[in-house]
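Since the model is a prediction, treat every value here as computed from it, not as a measurement.
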Amino acid sequence: QVQLVESGGGLVQPGGSLRLSCVASASIFSIMTMGWYRQAPGKQRELVASITSVGYVHYADSVKGRFTISRDGANNALYLQMNSLKPEDTAVYYCAWPGASWGQGTQVTVSS
């Protein structure tokens, strides 16, 4: 089973940026779709962004134009560049191979 480990979370002021990274324990070259999800306190987990093996991307409406997802097959890595962060982006962010593997999550807190 592929293990996923996220990093890059933290505390940032509104309007700031963070870059989340997710490293897989095995090759992600053949994984069709990977994504970033988030779960805020008291809310359901939601899809933030996904990317296919050929580079097709999908974003939640709430992050379009601010977040960018990318993947690096050579390094078995998935990234999420988050710009213009808002307090409502505060959540635990999870890297996922949907239906197969999830990371442990990394906390993102947007607050002044």
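When side chains are defined from C-beta on, Tyr93 does not count as touching Gln107, because their heavy atoms never get closer than 4.5 Å. Using a 4.5 Å cut-off on side-chain heavy atoms (C-beta onward), Glu6 and Ser21 make no contact. Annotation: side chain of Val110 is not in contact with side chain of Gln13 (no heavy-atom distance under 4.5 Å). Proximity of Gln81 to Ser17: side-chain heavy atoms (C-beta onward) are separated by under 4.5 Å at one or more points. Phe67 is not listed as a side-chain neighbour of Leu18, based on a closest heavy-atom distance of 4.5 Å or more. The closest side-chain heavy-atom distance from Thr90 to Val108 is not below 4.5 Å. Two residues are said to be in side-chain contact when any heavy atoms from C-beta on lie closer than 4.5 Å; Tyr79 and Cys22 fail this criterion.
Residue Ser101 comes nearest to Gln3 through the heavy atom pair OG-CA, 4.2 Å, listed as atom of the first residue, atom of the second, then distance.
The distance between the ring centers of Trp102 and Tyr37 falls below 6.0 angstrom.
Between the CZ atom in Arg71 and the CG atom in Leu80 there is a gap of 14.0 Å [rounded to 0.5 Å]. How far CG of Leu4 is from OH of Tyr94: 13.0 Å, rounded to the nearest 0.5 Å. Between Asn76 atom CG and Ile31 atom CD1 the span is 8.5 Å, to the nearest 0.5 Å.
A disulfide bond (SG atoms under 2.5 Å apart) check over residues 29-74, counting only residues at least two apart or in different chains, returns nothing.
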Just distance, no hydrogens or angles: give the donor-acceptor pairs under 3.5 Å from side chains in residues 52-65, sequence neighbours left out.
residue: Thr52; atom: OG1; partner: Val54; partner atom: N; Å: 3.3
residue: Thr52; atom: OG1; partner: Gly55; partner atom: N; Å: 3.4
residue: Thr52; atom: OG1; partner: Tyr56; partner atom: N; Å: 3.0
residue: Tyr59; atom: OH; partner: Ile69; partner atom: N; Å: 3.0
residue: Asp61; atom: OD1; partner: Lys64; partner atom: NZ; Å: 3.1
residue: Ser62; atom: OG; partner: Arg38; partner atom: NH2; Å: 3.3

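Linking Ile, Leu, Val, Met, Phe, Trp and Tyr residues whenever their side-chain heavy atoms come within less than 4.5 Å places Leu20 and Val12 in a single cluster. Tracing side-chain contacts under 4.5 Å through hydrophobic residues (I, L, V, M, F, W, Y), one reaches Ile51 starting from Val48; they form part of the same cluster.
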